[in-house]
Amino acid sequence: RIKASGLKLRFCTNETQATREKFVKKLQGMGFDISVAEVAAPAPAACRILKERSLRPHLLVHNDLVPEFAEIDKANPNCVVIGDAAENFTYANLNEAFRVLIGMEKPVLISLGRGRYYKETDGLKLDVGAYMKALEYACDVQAEVVGKPAKMFFESALAEMGVPPQQAIMIGDDIVNDVGGAQRCGLRALQVRTGKYRPCDENHPHVKPDAYVNNLAEAVDIILQQL
């Protein structure tokens, strides 16, 4: 319905457990009309940074995400890239990333998001932000966040569409990373009461969505009524 209305659209995800191709295939299976070109994701953004700065990453990511870094030199690492590695978040793997960072004079830690948790069908799960914070603390380093809520991430999606922030609306279930991140870039933001939403979000001390909607379809109704 959004595409039929002529509005421009980007799917902004912090998904770091799969390549965009795999992610898109999953959504297409659910009936979404979506292509890889319409997806803004952290891994490709991180690859651009790595190439621009001649960085060679030690990867602490999910096995299914590794193909996104196929064209990146990973020999003799001079930085660490961390994503939602799920079962790869073992003590041994975290310690290996720690050793790479602590051995650098000026450690560089790039994180594919900083979410605290997310929701899957079997419940809430710790997200990359918790592990990112552990490495920050251990190595006395500030991570560079790629993905929501980083300003650069939203600005990149807007630039691809050729749309100024004041003419864009973000729809998401994460009060901090979706709503707060978008609003800091000058977008309006709606929070859906689905996914990882919790009633306590509505009392957040710092972030107030422009509106709450019960689900994505209701958000689309509201947006199309404004045209």
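Because the structure is predicted, anything quoted here is derived from the model rather than measured.
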Asks: Are Leu9 and Leu190 in one and the same hydrophobic cluster, where Ile, Leu, Val, Met, Phe, Trp and Tyr link if side-chain heavy atoms are under 4.5 Å apart?
Replies: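 Same hydrophobic cluster.
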
Asks: Under the 4.5 Å side-chain heavy-atom rule for ILVMFWY, direct or indirect, which residues accompany Tyr117?
Replies: Leu124

Asks: Does anything in residues 69-83 form a side chain to side chain donor-acceptor pair (under 3.5 Å)? List the pairs, not counting sequence neighbours.
Replies: none

Asks: Under 3.5 Å, which donor-acceptor pairs link side chains of residues 216-227 to any protein atom two or more places apart or in another chain?
Replies:
| from | atom 1 | to | atom 2 | distance (Å) |
| --- | --- | --- | --- | --- |
| Glu218 | OE1 | Asn214 | ND2 | 3.2 |
| Glu218 | OE2 | Asn214 | N | 3.4 |
| Asp221 | OD1 | Arg1 | NH1 | 3.2 |
| Asp221 | OD1 | Arg1 | NH2 | 2.7 |
| Gln226 | NE2 | Ile222 | O | 3.2 |

Asks: Quick one: does Asn203's side chain have a donor or acceptor within less than 3.5 Å of a partner on Cys200's backbone?
Replies: no

Asks: Please check: side-chain N/O of Glu68 versus main-chain N/O of Thr16, any donor-acceptor pairing under 3.5 Å?
Replies: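 Checking the backbone N and O of Thr16 against the side chain of Glu68, no donor-acceptor pair under 3.5 Å is found.
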
Asks: Ignoring hydrogens, what is the shortest heavy-atom contact between Ala75 and Arg56? Give both atom names and the distance.
Replies: O-NE, 2.9 Å

Asks: For the pair Glu15 (side chain) and Gln17 (backbone), establish whether a donor and an acceptor sit closer than 3.5 Å, ignoring hydrogens and angles.
Replies: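 Checking the backbone N and O of Gln17 against the side chain of Glu15, a donor-acceptor pair under 3.5 Å is found.
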
Asks: More than 12 foreign heavy atoms under 6.0 Å from CZ of Arg198: is that the case here?
Replies: no

Asks: Look only at the side chain of Gln28 and the backbone of Ile34, and say whether a donor-acceptor pair between them is shorter than 3.5 Å.
Replies: yes

Asks: Side-chain atoms of residues 35-49: list all donor-acceptor pairs with protein atoms under 3.5 Å, sequence neighbours left out, distances to 0.1 Å.
Replies:
| from | atom 1 | to | atom 2 | distance (Å) |
| --- | --- | --- | --- | --- |
| Ser35 | OG | Glu38 | OE1 | 3.4 |
| Glu38 | OE1 | Lys3 | NZ | 3.1 |
| Glu38 | OE1 | Ser35 | N | 2.9 |
| Glu38 | OE2 | Lys3 | NZ | 3.0 |

Asks: Suppose the criterion is side chain to side chain donor-acceptor pair (under 3.5 Å): which pairs have a residue in residues 164-179, not counting sequence neighbours?
Replies: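 Found Lys148-Asp178, Asp174-Asn177, Asp174-Lys196.
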
Asks: Around Glu120, counting heavy atoms of other residues, nucleotides and ligands shown, do more than 12 lie under 6.0 Å from its CD?
Replies: yes

Asks: So does Ile2 get a backbone contact from the side chain of Ser5, meaning a donor-acceptor N/O pair under 3.5 Å?
Replies: yes

Asks: Provide the closest heavy-atom pair for Lys119 versus Gly195 in the form atom of the first, atom of the second, distance.
Replies: CD-O, 3.3 Å

Asks: Indicate if Val141 and Ile82 have the same hydrophobic cluster label, given that clusters are the connected sets of ILVMFWY residues with side-chain heavy-atom separations under 4.5 angstrom.
Replies: yes

Asks: List the atom of Gly162, the atom of Lys8, and the distance in Å for their closest heavy-atom pair.
Replies: O-NZ, 4.5 Å

Asks: Flag the pair Ile175 / Tyr197 as yes when at least one side-chain heavy-atom distance between them is below 4.5 Å, and no otherwise.
Replies: no

Asks: Give the cluster check for Leu187 versus Leu7: same hydrophobic cluster or not, with ILVMFWY residues linked at side-chain heavy-atom distances below 4.5 Å.
Replies: no

Asks: Please tell me if the side chains of Phe89 and Leu126 come closer than 4.5 Å, counting only heavy atoms from C-beta onward.
Replies: no

Asks: On a heavy-atom basis, which atom in Leu50 and which in Cys79 lie closest, and how many Å separate them?
Replies: CD2-SG, 3.8 Å

Asks: For residues 93-114, run the donor-acceptor check on the side chains, cut-off 3.5 Å, and write out each pair with its distance to 0.1 Å, sequence neighbours left out.
Replies:
| from | atom 1 | to | atom 2 | distance (Å) |
| --- | --- | --- | --- | --- |
| Asn93 | ND2 | Asn88 | O | 2.8 |
| Asn93 | ND2 | Thr90 | OG1 | 3.3 |
| Ser111 | OG | Gly113 | O | 2.6 |

Asks: Short question: side chain of Arg188, backbone of Ile169 - any donor-acceptor pair under 3.5 Å?
Replies: no

Asks: Would you please test Tyr118 and Val128 for side-chain contact (heavy atoms from CB on, under 4.5 Å) and show each step?
Replies: CA-CA 10 Å; Tyr118 57 94; Val128 62; over 6 Å; no

Asks: Verify the cluster assignment for Val24 and Leu65: are they in a single hydrophobic cluster under the rule of side-chain heavy atoms below 4.5 Å apart?
Replies: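 Each belongs to a different hydrophobic cluster.
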
Asks: Out of curiosity, does Phe11 fall in the hydrophobic cluster containing Phe153 (side-chain heavy atoms, cut-off under 4.5 Å, transitive links)?
Replies: no

Asks: Does the pair Val81 and Leu59 meet the rule for a side-chain contact (heavy atoms from CB on, under 4.5 Å), with working shown?
Replies: CA-CA 5 Å; Val81 172; Leu59 297 176; 3.9 Å; yes

Asks: Rounded to the nearest 0.5 Å, what separates atom CZ in Arg20 from atom OG1 in Thr13?
Replies: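 Rounded to the nearest 0.5 Å, the CZ-OG1 separation comes to 11.5 Å.
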
Asks: How about Ile72 and Lys51: do any of their side-chain heavy atoms sit closer than 4.5 Å?
Replies: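 With C-beta onward as the side chain, the pair touches.
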
Asks: Will you find, in the side chains of Asp210 and Gln183, an N or O donor that is under 3.5 Å from an N or O acceptor?
Replies: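 Judged by distance alone, the side chains do pair up.
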
Asks: Drop me the distance from Asp84's CG to Leu60's CG, to the nearest 0.5 angstrom.
Replies: 10.0 Å

Asks: So which atom in Arg10 and which in Ala157 form the shortest heavy-atom distance, rounded to 0.1 Å?
Replies: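 So the two residues come closest at CG-O, 4.2 Å.
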
Asks: Would you sort out whether Arg116 and Val176 count as a side-chain contact (heavy atoms from CB on, under 4.5 Å), showing the intermediate values?
Replies: CA-CA 10 Å; Arg116 294 176 177 175; Val176 173; 5.9 Å; no

Asks: Do Gln191 and Glu202 have side chains that get closer than 4.5 Å, going by heavy atoms?
Replies: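 They are not in side-chain contact.
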
Asks: Please report the shortest heavy-atom distance between Arg53 and Glu144, naming the atom on each side.
Replies: NH1-OE1, 2.7 Å

